[in-house]
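Since we're looking at a predicted model, the values are computed, not measured. Quick note: residue numbers are just sequence positions, from 1.
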Amino acid sequence: MSKIKNIGILTSGGDSPGMNAAIRAVVRASLYHNLKITGVLRGYEGLIQADFIPMDGKSVANIIQRGGTILKTARCDAFKTKEGRVLAHKNLVDSEIDALVVIGGDGTFTGADIFSKEFDFPIIGLPGTIDNDLVGTDFTIGYDTAINTVVNAVDKIRDTAESHDRLFIVEVMGRDSGLIALRSGIGVGAEAILIPEAKVGVPELMHRIETGRKDKASKIIIVAEGDEAGGAYVIGETLKEKFPKYDIRVSVLGHIQRGGSPSCMDRVLASRLGVAALEGLLEGKTDVMAGLVNKEIVFTPFSQTIKHIDAEKITPSWLKLVEILSM
Ligand code: F6P
């Protein structure tokens, strides 16, 4: 029998579509198991400020389809300090919250890992980030929606690029990872994809464009924001200087990638992982993230989830695929 009676839930770091579906799943699973569930507002900031709200079945009604997070989110520097974490722990004890579910990405799990070890406090994580840059899950909650947002936007850019015979450089999100760029780039039929993991510089990029088919009216280059080449505007300026024959335009998609109604894939992923996380906590699991690998629920220690580059996710065969398809 688990001693856990009251579970706190929070979202932290950059939001992602499907976080609300995950909150809903954790709340409903808690109620199913006759547990109290408490919402923590604005991530670790709310732990430090004791900004807690009781939750029930109704508080998560009609949110599965909504982007963003009803619990709000923040990137919290105070939680990186010992004093901040001591205060957070005191607030949890005072409110009789005896376990946490945290939904977020690498920053969230770094904090959760330290906190759960420091205070021997049960915590389970859910992968909520559009970047998909966590080890221990094939897909993170929000990634599918984000790449579909990119595909919808770039399809529109392709229409105008084709009409004007233009080369477009489109920057997508992914501070430390090119996974959004890679998949959406394949999805839009990009002529080239620049990602931090592949180290294709501007000279090689131009060689590919120059030696590619001459009868293409438009060219789309997808750049991950974390790419070493310096972002879409820098690349655009370099290309304009070196290759004045191209009519070049730049588009930075930005935060539209983080918003919007979650796709069905993200809703179902969030729902499955939310229930699994809650049940994992009751079985005594802690300091781990619930993820989905090869269709199975797996629990991976926080410390192993945050490696940034998952060799399984960007293999040479993916890069070869990009090259073949851009012919
Ligand atoms: O971690 C998700 C993410 O969207 C990254 O892709 C991006 O670099 C970052 O968040 C942007 O963060 P912020 O909204 O704080 O500027």
Side-chain angles (χ1 to χ4, degrees), residues 11 13-25 63-70 73 103-105 126-134 137-162 168-197 218 220-227 232 250-274 291-293 295 310 312-314 318-319 321-322 325-326:
T11 49
D15 61 352
S16 70
M19 278 184 162
N20 281 329
I23 295 167
R24 172 181 178 268
I63 65 165
I64 194 168
Q65 75 280 19
R66 282 169 57 191
T69 158
I70 59 163
T73 185
I103 309 173
L126 288 174
T129 164
I130 62 165
D131 291 350
N132 200 28
D133 59 345
L134 293 168
T137 190
D138 292 339
F139 299 108
T140 54
I141 298 163
Y143 176 62
D144 182 64
T145 307
I147 55 179
N148 279 297
T149 299
V150 173
V151 165
N152 287 333
V154 179
D155 284 351
K156 294 184 172 96
I157 290 175
R158 177 72 85 174
D159 289 345
T160 173
E162 192 77 4
F168 263 85
I169 301 160
V170 181
E171 183 177 301
V172 300
M173 275 187 165
R175 195 167 22 209
D176 304 300
S177 158
L179 284 159
I180 293 178
L182 180 65
R183 228 167 236 263
S184 62
I186 290 170
V188 299
E191 275 59 37
I193 302 172
L194 297 188
I195 55 176
E197 296 85 346
S218 63
I220 303 279
I221 298 169
I222 302 284
V223 188
E225 68 174 319
D227 188 75
V250 170
S251 181
V252 176
L253 296 188
H255 286 78
I256 66 161
Q257 294 162 92
R258 284 239 298 264
S261 179
S263 66
C264 185
M265 289 288 283
D266 276 329
R267 296 180 197 193
V268 175
L269 178 66
S271 301
R272 282 188 74 188
L273 292 183
L292 199 67
V293 177
K295 302 188 193 123
D310 184 349
E312 298 291 316
K313 286 183 177 165
I314 299 189
W318 276 105
L319 304 176
L321 183 68
V322 172
L325 295 171
S326 64

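Across all their heavy atoms, Gln257 and Ala146 have their closest contact at O-CB, 3.5 Å. When all heavy atoms of Pro262 and Gly18 are compared, the pair lying nearest together is CB-N, 3.6 Å. In terms of heavy atoms, Ala153 sits closest to Ile256 at CB-CD1, 4.5 Å. Residue Ala190 comes nearest to Ile222 through the heavy atom pair CB-CG1, 3.7 Å, listed as atom of the first residue, atom of the second, then distance.
Looking only at distances, a side-chain donor or acceptor of Glu197 sits under 3.5 Å from a matching main-chain atom of Gly178. In this structure a side-chain-to-backbone donor-acceptor pair under 3.5 Å is present from Asp266 to Thr145. Here the side chain of Thr73 pairs no donor or acceptor atom with the backbone of Gly14 at under 3.5 angstrom.
Under the 4.5 Å side-chain criterion, counting only non-hydrogen atoms from C-beta, Pro17 is in contact with Ile130. Leu253 places a side-chain heavy atom less than 4.5 Å from the side chain of Val154. Under the 4.5 Å side-chain criterion, counting only non-hydrogen atoms from C-beta, Thr140 is not in contact with Asp131. Considering only heavy atoms from C-beta on, Ile314 comes within 4.5 Å of Leu179 through its side chain. The side-chain heavy atoms of Pro127 and Leu273, taken from C-beta on, include a pair separated by under 4.5 Å. Using a 4.5 Å heavy-atom threshold, the side chains of Thr69 and Asn20 count as touching.
Considering CZ of Phe168 and OG of Ser251, their distance stands at 6.5 Å, rounded to 0.5 Å.
Side-chain polar atoms of Asp144 and Ser263 form a donor-acceptor pair below 3.5 angstrom.
Take Arg267 and apply the side-chain hydrogen bond (donor to acceptor under 3.5 Å, both in side chains) test, not counting sequence neighbours, and it matches Ser261. Applying the side-chain contact (heavy atoms from CB on, under 4.5 Å) rule to Glu171 yields the partners Glu225, Ala232, Val252; only residues at least two apart in sequence or on another chain are considered. Here Ala270 pairs with Ala21, Ala22, Ile141 under the side-chain contact (heavy atoms from CB on, under 4.5 Å) rule; sequence neighbours left out. Considering only residues two or more places apart in sequence or on other chains, Ala224 meets the side-chain contact (heavy atoms from CB on, under 4.5 Å) condition with Ala181, Ile195, Pro196. By the side-chain contact (heavy atoms from CB on, under 4.5 Å) test, Leu321 is found to be paired with Ile186, Trp318, Leu325, residues two or more places apart in sequence or in another chain being considered.
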- Verify side chain to side chain contact (heavy atoms under 4.5 Å, CB included) between Ile64 and Ser271, making sure each step is shown before the conclusion. CA-CA 9 Å; Ile64 194 168; Ser271 301; 4.2 Å; yes
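Listed by first then second residue, pairs satisfying salt bridge (Lys or Arg N to Asp or Glu O under 4.0 Å) with a partner in residues 179-196 read Arg158-Glu191, Glu191-Lys216, not counting sequence neighbours.
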